[in-house]
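Just follow the structure's listing: the first ligand is 1, and inside any ligand the first atom is 1.
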Amino acid sequence: MLTFQSIQSDLLFDAQHIWHPYTSLTTPLPTYPVVSAAGTKLKLACGTELVDGMASWWSAIHGYNHPRLNQALADQASQMSHVMFGGISHPPAVHLARKLLAMAPEPLETVFFADSGSIAVEVAIKMALQFQASRGLPAKSKLLTIRQGYHGDTFAAMAVCDPVNGMHGLFQGVLPQHLFAPAPELTPNDEWDNSELDAMQQLLEQHANSIAAIILEPMVQGAGGMRFYHKNYLAGVRRLADEYDVLLIADEIATGFGRTGELFACNHAGISPDIMCVGKALTGGYMTLAATLATRHVATTISNGEAGVLMHGPTFMANPLACAVAYESLSLIEEGSWRADVARIEQQLINELAPCRAYNSVADVRVFGAIGVIEMVASVDVAKAQAFFVAQGVWIRPFGKLIYIMPPYICNQDDIKQLTTAMQAYCLLE
Ligand code: PMP
C-alpha cells in the first residue's frame with residue numbers, strides 16, 4: 001500500500017541511489033512519482049492526473065494502458081517471454097519483420113532487431129563500415145552528418161551528434177572524428193534554394209573516398225535542437241549520396257510511425273535510405289525495441305565480404321515480448337486514424353501556439369506534424385518549469401531553451417488545449 005511516508009521514503013532513496021537521464025546524483029533535479037498511466041494521462045502518487053505532452057519521449061503514440069497492447073503482451077508472456085535469437089527463430093520476430101518491411105520504404109528488405117535506438121544506430125554504422133570494407137573500400141570509414149543532430153548516447157552514436165550540443169567536449173580524444181556539414185536552414189515551408197546543399201556537396205567532393213555513409217534525422221532534428229528542415233534538402237542528400245557512392249542512413253527513431261504526418265519522415269521527400277533505424281514508437285512505448293533496416297544490396301555485400309557475417313548479436317535480440325507488442329502497435333497504426341489524428345493535432349498546435357510569437361520571452365514557435373516547439377530567448381529552468389506545468393495538470397519536460405510537446409496521437413482537443421494553454425501561460429510568466 002502506498003502511503004505518504006512510503007512515497008517520501010522511495011523518493012529519497014531514488015535521489016540518493018538512482019541515476020536519472022542526464023542528471024547529477026549530488027544535486028538531482030526533482031522527480032515526480034508516477035503510479036499509473038492510462039490513455040493520455042499520467043497519474044501521480046498524490047492522485048493528480050497530468051495530460052502527457054511527451055508521449056514518454058516520442059514513444060507512447062497510442063496512449064497508455066492500451067487494451068490491445070496489454071493483451072498482446074499477456075498472450076506472449078504466457079507462451080514465451082524470451083529466448084535467445086542465435087540459432088532460433090520465433091513467430092513474434094517473423095510476424096513483426098514482415099509487417100515492418102511492408103510499411104517501410106520499398107528497397108528496405110532486411111531487419112536487424114536491436115535493443116534500443118542507440119544500438120540500432122551502432123548497428124547501422126557497423127553495417128555501413130562492413131559494407132564498404134566488403135566491397136574492397138576499407139578507406140571509406142568516416143561518417144558525414146549535419147550539425148544539430150542527435151543519434152543516441154553510445155560512443156559511435158555520440159560521435160555523430162552535434163559537436164557543440166553533443167558530448168564531444170566531454171569525450172574529446174575518445175570519439176572518432178567525423179565530418180559535419182552545417183545544419184540546413186530552410187524550414188519545410190520556405191521557398192527552396194539549391195545552394196542549401198552546397199556545403200554538403202563540397203564535403204563529399206573533398207572526402208568521398210573516406211566516407212562510408214551520410215547519417216541524418218530526416219526532416220526533424222530532434223534532441224539536437226527540435227529543428228524542422230526542407231524536404232528538398234533530404235531529397236538532395238539522397239541524390240548526392242548516390243552521386244558520390246556513399247550510403248544514406250536515415251535515423252527515423254524519433255520520426256518513424258506517423259509523428260511528422262507521414263508514416264516515415266523520408267516519405268515527405270519520396271526517398272528511401274539504404275539503411276534506416278526505427279525505435280521509440282515501434283512498441284507503442286511499451287518496452288525497448290529498435291530495428292535497423294537495410295536494402296538487399298547492403299545485406300548481401302556484407303554477407304559476401306571477408307567477415308561473411310554482420311558482427312553484432314545482443315542477448316535480448318528480437319525479444320518476443322517486445323516483438324509481440326510491436327506487432328500489435330503496427331496493427332493499430334495500419335487500422336487506425338493516425339494520419340487524421342496527426343493532421344488534427346498539427347492544426348490545433350499551429351492555431352494555439354501562434355499567439356506565443358508575440359511574447360518577449362519567445363524567440364520562435366514552430367510546428368511540424370504532431371510536434372509543437374516554443375524556443376525561448378533564455379534557457380529554461382527545468383525544475384521551475386516542471387513544477388509550473390505539473391501545477392497546470394500537464395507533463396512537459398523542457399530542455400535548453402526549448403519547451404516542446406509531441407503528445408500521444410489519441411489526445412483529444414481538450415488534452416491539446418490544456419497543453420498549449422500551459423505552454424502559453426509559462427511564456428507569459430517569463
Ligand atoms: N536517434 C534519435 C533521432 C533519437 O531521438 C534517439 C532518442 N532520443 C536515439 C537515436 C536514441 O534512442 P535510445 O534512447 O532508444 O537509445
Side-chain angles (χ1 to χ4, degrees), residues 19-23 53-61 112-128 143 145-162 165-167 175 178 180 183-184 213-229 234 237 248-260 262 264-266 268 273 275-293 312 314 316-319 322-323 325-326 329 368-371 373 397-400 402 404-407:
W19 295 104
H20 282 258
Y22 316 106
T23 189
M54 309 305 290
S56 284
W57 276 337
W58 316 76
S59 65
I61 55 175
F112 185 103
F113 285 118
D115 31 19
S116 72
S118 300
I119 300 301
V121 169
E122 297 281 326
V123 170
I125 292 173
K126 202 179 267 189
M127 280 180 178
L143 297 159
T145 187
I146 50 182
R147 287 177 183 269
Q148 307 267 5
Y150 175 81
H151 297 282
D153 291 346
T154 52
F155 276 81
M158 268 197 299
V160 285
C161 291
D162 184 90
N165 296 345
M167 291 167 270
L175 292 179
H178 294 305
F180 291 85
I214 301 171
I215 180 168
L216 47 64
E217 297 154 279
M219 302 302 291
V220 176
Q221 297 189 285
M226 299 300 293
R227 304 173 81 253
F228 312 137
Y229 63 87
L234 185 56
V237 170
L248 177 62
I249 303 173
D251 178 350
E252 290 259 10
I253 289 164
T255 48
F257 309 109
R259 176 60 65 185
T260 65
E262 293 288 347
F264 297 101
C266 283
H268 287 278
I275 299 174
M276 182 168 105
C277 303
V278 293
K280 290 188 182 281
L282 176 59
T283 61
Y286 263 53
M287 56 220 298
T288 179
L289 181 71
T292 309
L293 280 53
H312 215 97
F316 288 99
M317 188 168 179
N319 171 255
C323 287
V325 180
S329 177
F368 189 61
I371 311 167
V373 183
R397 185 173 172 83
F399 77 86
L402 303 170
Y404 67 104
I405 56 171
M406 56 277 184

Asker: Atom 12 (O) of ligand 1: which protein heavy atom is closest, and how many Å away?
Answerer: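 Answer, as residue, atom name and distance: Gly117 CA, 3.3 Å.
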
Asker: Tell me, do Leu234 and Leu216 make a side-chain contact under 4.5 Å, heavy atoms counted?
Answerer: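 Yes - at least one pair of side-chain heavy atoms lies under 4.5 Å apart.
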
Asker: Taking only heavy atoms of Ala254, which atoms of ligand 1 are found under 4.0 Å from at least one of them?
Answerer: 5 (O)

Asker: Could you list the atoms of ligand 1 found under 4.0 angstrom from a heavy atom of Gly152?
Answerer: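 Selected atoms, number and element: 10 (C), 11 (C).
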
Asker: When the ring centroid of His268 is compared with that of Phe368, is the distance short of 6.0 Å?
Answerer: yes

Asker: With a heavy-atom distance limit of 4.0 Å, tell me whether Tyr150 approaches ligand 1 through its side chain, its backbone, both, or neither.
Answerer: both

Asker: Between Met276 and Asp251, is a side-chain contact (heavy atoms from CB on, under 4.5 Å) present by the stated rule, with each step listed?
Answerer: CA-CA 6 Å; Met276 182 168 105; Asp251 178 350; over 6 Å; no

Asker: Among the heavy atoms of Lys280, does any lie under 4.0 Å from an atom of ligand 1?
Answerer: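 It does; at least one heavy atom falls under 4.0 Å.
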
Asker: Specify side chain, backbone, both or neither for Glu217, according to which of its non-hydrogen atoms lie closer than 4.0 Å to ligand 1.
Answerer: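 Just the side chain.
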
Asker: Can you list the residues that meet the salt bridge (charged side-chain N to carboxylate O under 4.0 Å, His left out) rule with Arg259, with sequence neighbours excluded?
Answerer: none

Asker: Asp153 and Tyr22: side-chain donor and acceptor closer than 3.5 Å?
Answerer: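 Yes, side-chain donor-acceptor contact under 3.5 Å.
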
Asker: Which residue from Ser118, Pro21, Cys161 reaches closest to atom 11 (C) of ligand 1 through any of its heavy atoms?
Answerer: Ser118

Asker: State, with a plain yes or no, whether a side-chain heavy atom of Trp58 is found less than 4.5 Å away from one of Ile371.
Answerer: yes

Asker: Nearest protein heavy-atom contact for atom 2 (C) of ligand 1: which residue, which atom, what distance?
Answerer: Asp251 OD2, 3.4 Å

